[in-house]
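Positions are given from 1 along the sequence.
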Amino acid sequence: MHLWLQSGPHSYYTDGDLVFWRMVDVMEEVHIVSLLAAVEGVLARFRQGGLLVDCSQAHNIRAEARRRYADWLKHSPYSDSHRASIFFAVDGEMRAFLTLAQRGAQLASGKRSAIEIVRDEAAARERVDELRSEWAASDNAQAES
């Protein structure tokens, strides 16, 4: 059983190198601060991490939250770590907001955004497992050279 925490209307938990976030209604800057703190905690401990975001009840990501994410990408010591943010159950309007967040973060930080969008939770969990395998192979290749 996971210990669910709250950040405004959103709820989340961490499980090893994974943060699961259930986004509800609007993501404000204060909420993304909580989310990024959880992600940083995972990255500090595991040097890799997956963020799975359930968008089935999400409606908007405020511009301030998108800017905070871009700033985090630019300044976080973990921004080059093995990490991914995988969003699922994304409707058309939310897809537009995520695309803005993704492209804005890339432009502002000059680094690739870890945002990916998949169909459902099963696909998100499958994708994070694929990425873990890629990260392990990359780490092994670096260790051998």
Side-chain angles (χ1 to χ4, degrees), residues 1-139 142:
M1 186 58 89
H2 302 289
L3 174 62
W4 286 87
L5 304 170
Q6 292 294 129
S7 178
H10 317 286
S11 55
Y12 67 100
Y13 68 84
T14 60
D15 182 18
D17 68 347
L18 181 72
V19 176
F20 187 95
W21 184 272
R22 184 169 293 134
M23 191 184 310
V24 177
D25 198 23
V26 177
M27 179 74 104
E28 304 281 353
E29 182 178 17
V30 68
H31 306 138
I32 205 153
V33 168
S34 297
L35 173 59
L36 292 174
V39 169
E40 282 201 2
V42 165
L43 291 172
R45 184 165 182 210
F46 296 97
R47 290 297 199 225
Q48 70 180 35
L51 168 64
L52 303 185
V53 183
D54 177 353
C55 293
S56 60
Q57 298 176 34
H59 298 295
N60 190 348
I61 302 173
R62 297 272 192 240
E64 299 82 15
R66 293 191 302 267
R67 280 193 291 276
R68 178 61 70 113
Y69 174 68
D71 188 56
W72 178 81
L73 277 179
K74 192 184 242 182
H75 299 291
S76 172
Y78 307 109
S79 61
D80 292 328
S81 299
H82 298 315
R83 62 182 173 70
S85 300
I86 304 169
F87 293 78
F88 64 91
V90 179
D91 70 11
E93 183 180 357
M94 194 63 202
R95 183 175 296 274
F97 288 114
L98 289 173
T99 301
L100 284 173
Q102 180 185 45
R103 291 187 180 151
Q106 287 173 326
L107 287 172
S109 70
K111 298 178 183 178
R112 94 165 173 83
S113 173
I115 293 175
E116 296 184 31
I117 302 171
V118 299
R119 179 183 65 261
D120 56 23
E121 183 176 350
R125 290 184 181 279
E126 182 178 321
R127 179 64 179 135
V128 81
D129 288 342
E130 290 169 0
L131 289 167
R132 284 177 179 135
S133 294
E134 290 174 18
W135 297 335
S138 171
D139 290 345
Q142 285 182 358

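Nearest approach of Thr14 to Ala38, heavy atoms of both residues: CG2-CB, 4.4 Å. Scanning both residues, Met27 and Ile32, for their nearest heavy atoms gives SD-N, 4.0 Å.
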Practice problem: Might you work through the side chain to side chain contact (heavy atoms under 4.5 Å, CB included) test for Arg62 and Val26, ending with a clear yes or no? | Solution: CA-CA 7 Å; Arg62 297 272 192 240; Val26 177; 3.6 Å; yes

*Check the pair His82 / Asp139 against side chain to side chain contact (heavy atoms under 4.5 Å, CB included), numbers first and verdict last.*
CA-CA 10 Å; His82 298 315; Asp139 290 345; 2.8 Å; yes

Under the side chain to side chain contact (heavy atoms under 4.5 Å, CB included) rule, what do Val39 and Trp72 come out as? Steps first, then yes or no, please. CA-CA 11 Å; Val39 169; Trp72 178 81; 4.3 Å; yes

Pair Leu36-Arg68, side chain to side chain contact (heavy atoms under 4.5 Å, CB included): steps then yes or no: CA-CA 9 Å; Leu36 292 174; Arg68 178 61 70 113; 4.2 Å; yes

Using a 3.5 Å cut-off and no angle test, enumerate the donor-acceptor pairs between side-chain atoms of residues 84-101 and protein atoms at least two apart in sequence or in another chain.
residue, atom, partner, partner atom, Å
Asp91, OD1, Glu93, N, 3.3
Asp91, OD1, Met94, N, 2.8
Thr99, OG1, Arg95, O, 2.9

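Sorted by first then second residue, the ring pair (Phe, Tyr, Trp, His ring centres under 6.0 Å) pairs that include residues 18-40, not counting sequence neighbours, are Trp4-Phe20, His10-Trp21, His10-His31, Tyr12-Trp21, Tyr13-Phe20.
At a threshold of 4.0 Å, the pair Glu134-Arg127 counts as salt-bridged, since one of the basic side-chain nitrogens sits closer than that to a carboxylate oxygen. In summary, Arg125 and Glu121 engage in a salt bridge, as defined by a charged side-chain N under 4.0 Å from a carboxylate O.
Put simply, CD on Glu126 and CG on Leu131 are 11.0 Å apart, with the number rounded to the nearest 0.5 Å. Residue Ser34 holds its OG atom at 10.5 Å from CD of Gln6, rounded to the nearest 0.5 Å. Going from atom CE of Met23 over to atom CD1 of Ile61 covers 4.5 Å, rounded to the nearest 0.5 Å.
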